[in-house]
Every structure is written in structure tokens, then in C-alpha cells.
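A note on names: the letters A, B, ... follow the listed sequences, proteins ahead of strands, and every chain is numbered from 1. Atoms considered below: every heavy atom in the structure, side chains included; atoms not considered: hydrogens, waters and symmetry mates.
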Amino acid sequence: MSEALIKHFATKLIAWHGKDGRQGLPWQSIRDPYAVWVSEIMLQQTQVATVLERYPRFMKRFPTVKKLATAPLDDVLAEWAGLGYYTRARNLHACAKQVMEEFGGEFPKDPVLLEQLKGIGRSTAGAIAAFAFHERAPILDANVKRILARLFGVDGAIQEKAVNDELWLLAKTLLPKKAPDMPVYTQALMDFGATWCTSRKPICLSGERKCPFAKECQANLTNQILVLPRKVIKEKSPEFNCDMLLLRHGDSVLLQRRSEKAIWGGLWSLPESIWRAKEKSSPATDNAVNLTAKELFKLVLPNEVISSTSKNYYSIERGLDIKHVFTHRRLWMQIWHVSSGSAVKFASKDLKWVPLRQLGQYGLPQPIKLLLQGLSLTRGDDLRN
DNA sequence: AAGCCGGGGAG
DNA sequence: CTCCCAGGCTT
């Protein structure tokens with residue numbers, strides 16, 4: 001039965017980690033709760049290689065929870081730009097304020113209290129409690145779900161509440177008895193899932209190494225390694241078109257702050273039309289798109305007209321067609337280059353002329369950042385002609 | 001329970 | 001291309 005496995009799991013896993021776990025990741029040696037917290041949030045749904053680049057930068061810019069709490073949100077978003085899931089950055093900022101105001105600047109060690117903070121769910125609370133405070137709190141991220149579903153043959157879709165509850169109970173049951181083992185145990189779980197018990201090419205199927213749980217793993221014994229954890233299939237993500245205005249005057253480009261509720265929430269981007277269900281490309285629809293671009297122009301600059309004859313003239317021409325893939329959507333962005341003879345002033349604080357060389361100070365969506373970087377490289381081209 | 005939110009790497 | 005991920009929040 002699995003009784004023996006339950007009893008010895010933590011010990012065996014820690015032994016595995018000593019030999020084959022990942023070593024030397026910068027956040028592994030850290031016990032400062034603030035630093036642990038930042039690493040846990042940044043690592044959510046984000047690749048280790050990416051975090052290796054961005055984590056030291058973030059910590060250098062915001063070395064303490066107080067520095068983060070008192071920084072302008074725009075600075076935090078700018079530092080977060082390119083990492084995705086920007087709600088994390090806004091919650092990070094809000095959580096820092098919470099810690100300053102409600103907890104006197106010190107993170108609580110109780111996972112139940114941690115979970116009350118913005119952006120910290122049950123699993124992240126467990127990770128922070130384990131790493132920073134040696135609390136016997138379980139985690140249940142995608143790695144752990146996969147490991148447990150395979151080892152104990154947990155069938156049924158993991159997004160079902162009953163299955164999820166079962167996995168949480170397992171995670172809690174398997175915790176090491178000694179609190180001081182919590183950091184290495186928690187790290188071992190993540191490492192084992194990330195490097196050995198992987199989703200597509202687990203070590204037990206490649207045959208290169210011998211899994212320490214091979215003789216006890218239910219999925220292995222019943223030849224269901226690639227079937228578990230089971231999940232419901234999601235349908236193909238819908239496709240959209242939209243138009244974007246690349247409005248330039250001299251070395252500056254017009255940026256618009258995005259709504260916090262929208263995708264890329266709170267970031268600075270180009271003025272953008274509504275998203276339309278993707279139409280087939282044809283000369284006729286090309287004209288329709290052009291109309292949308294002109295309406296968009298009218299929305300941004302209600303008192304101006306696109307004309308090459310007036311004194312402060314505007315010209316419009318079709319630019320790049322950029323495809324961008326989200327988790328649940330695919331978007332084709334049609335860029336429209338508009339050049340103007342003068343820099344119109346805007347009353348709205350969400351519209352702003354920004355010199356190309358200052359773009360680094362703004363949080364931009366990744367595809368827009370790349371587009372504007374390309375623009376900077378070819379700076380000197382006169383788009384007005 | 002299902003939808004929403006990014007980005008990059010693996011296969 | 002598709003699938004995956006150190007999830008959490010909203011509906």
C-alpha cells in the first residue's frame with residue numbers, strides 16, 4: 001500500500017534533493033521574508049531563466065518592503081514590464097503597503113495571515129511560511145499537483161474541487177515532521193517536479209536516470225505517467241483584430257495609459273481601437289480597417305483631421321501587422337503610422353508625448369516595446385514624407 | 001467551476 | 001504549431 005510511501009516520502013525526497021536537486025538559485029539561500037515573497041510572486045507562471053535576470057534588478061531597485069510601499073505604482077509597473085500578469089505588480093505594491101500599515105513593516109509568519117495579503121494565495125502563503133519561517137505549511141503548485149497525482153494515482157480532472165481538496169490533504173499529510181526541514185523539503189518538491197517528474201518528458205520514461213519512487217508510483221505501475229494529472233481539454237483560443245495609432249511628432253510618440261481592468265492593465269501603450277473578431281483579410285476589409293483607424297484617430301484627436309493640405313498636417317500610412325498570442329486569445333495588431341506637424345497638448349493625464357529615448361522609464365506591453373525599440377533603431381527616418 | 005491575465009521555452 | 005508553467009482573483 002501507499003502507507004510506506006506516505007511515511008518515508010519527505011525523507012526520500014530530501015535525500016534526492018541533496019544529490020540531484022537544483023543548487024545555487026539566488027533566492028534559495030535567502031531567508032528575508034521580503035526577499036522570499038518577491039521571489040515567490042515573480043516565479044508565479046514565470047520561467048526560472050527569466051527570473052534569474054529580473055529578480056536581482058527588482059531587489060536592487062526596491063531593496064526593502066518600505067521602499068516598495070512608498071514607490072509610485074508606475075515605477076513598480078515599469079520594473080515589472082515584460083514579466084506579464086501585471087496584476088502581480090499592482091498586488092505587490094498594494095501588499096507592501098498592507099505590510100507597512102497593518103503589520104508594522106514585518107511579514108506575518110502564519111500562513112493564514114499571509115493569505116489575507118494581496119496577491120498571496122494558499123500555495124504562495126505556504127511557500128513563504130516554509131522558506132522564511134520554517135512553518136509546516138504545504139504548497140500545491142502545478143509541480144506538486146503533478147507529482148502527487150502520479151505518485152498516488154489521483155484520477156479525475158485536477159480543477160475539480162473534490163480532486164483539489166484531495167491533493168491539498170495529501171500535501172499536508174506528506175509534510176516532514178521536523179519544522180527545520182521545511183525549506184529544503186519545499187524546494188525539493190519544486191525541483192523534483194521541474195526537473196525529473198516533468199509534464200512532457202519525465203525521467204522515468206526517458207530511462208536516463210532512476211526515479212527514487214519508481215516502485216511506488218501508481219502512475220508508473222499502471223502505465224499512466226503521461227495521462228496524469230488529468231485535465232479537461234480547453235478549446236482553441238479565439239482570434240481578434242485591432243488597430244493601433246503610432247502617432248509621432250519629432251522624436252516623441254504618443255502613449256496612452258491602459259485601464260487597470262484590461263489586458264496589460266495599467267501599462268502604457270499606443271491608442272487602440274476595440275477588438276473585433278478576426279475577419280478574413282481582403283481588399284474590402286482592408287478599407288474597413290482603415291476606417292476604424294480614422295475613427296480611432298478622431299477619438300484621440302477630436303479637433304484634428306487627417307490631411308496633407310492643412311498647416312499642421314497629419315498623414316496616415318499602414319505599418320506593421322503584429323501577431324501576439326495570449327493564454328486565451330490571439331491578437332493581430334494593425335499599426336497605423338501617423339505623423340504630425342505639431343505636438344498637440346492633451347488634457348487627459350492618460351495621454352502623453354514620450355521621447356523615444358525615455359521609453360525605458362515606462363511599463364510597456366512586450367510587443368509594443370519591441371515595436372518602439374525598432375523605431376528607436378531607425379530614428380532619423382522622416383516619417384512625414 | 002470557469003474565465004481572465006503575459007510571456008517565453010520545450011517539444 | 002500546441003502545451004506548459006513557483007497562481008490568484010473575479011464572476
Q: Look only at the side chain of A:Gln28 and the backbone of A:Leu25, and say whether a donor-acceptor pair between them is shorter than 3.5 Å.
A: yes
Q. With a distance cut-off below 6.0 Å to the six-membered ring centre and an angular limit of 45° from the axis, does A:Arg258 pair with A:Trp268 as a cation-pi contact?
A. no
Q: Ignoring hydrogens and angles, answer whether the base of B:dG6 and the side-chain atoms of A:Thr327 contain a donor-acceptor pair closer than 3.5 Å.
A: yes
(Q) Looking at A:Arg200 and C:dC3, is any side-chain donor or acceptor paired with a base atom of the opposite kind under 3.5 Å? (A) yes
Please pick, from [options], the nucleotide with the shortest atom-to-atom distance to any side-chain atom of [X].
X        : options             : value
A:Arg146 : C:dG7, C:dC4, C:dC9 : C:dC4
A:Gln366 : B:dA1, B:dG8, B:dC4 : B:dG8
A:Lys323 : B:dC4, C:dC1, B:dG8 : C:dC1

Touch class at under 4.0 angstrom, heavy-atom based, for [X] against every strand present:
X        : result
A:Trp80  : nothing
A:Lys231 : sugar-phosphate
A:Gly82  : sugar-phosphate
A:Glu115 : nothing
A:Ala142 : sugar-phosphate

(Q) Between P on B:dG6 and CE on A:Met42, what's the gap in Å once rounded to a whole number? (A) 16 Å
Q) What is the distance, rounded to the nearest whole Å, between atom CZ of A:Arg330 and atom P of B:dG8? A)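 Nearest whole value for this atom pair: 18 Å.
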Q. In terms of the angle between their ring planes, are A:Phe192 and A:Trp16 parallel, tilted or perpendicular, with boundaries placed at 30° and 60°?
A.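 If you compare the ring of A:Phe192 with that of A:Trp16, the planes turn out perpendicular.
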Q: Look at A:Glu40 together with A:Arg88 and state whether they make a salt bridge at an N to O cut-off of under 4.0 Å.
A: no
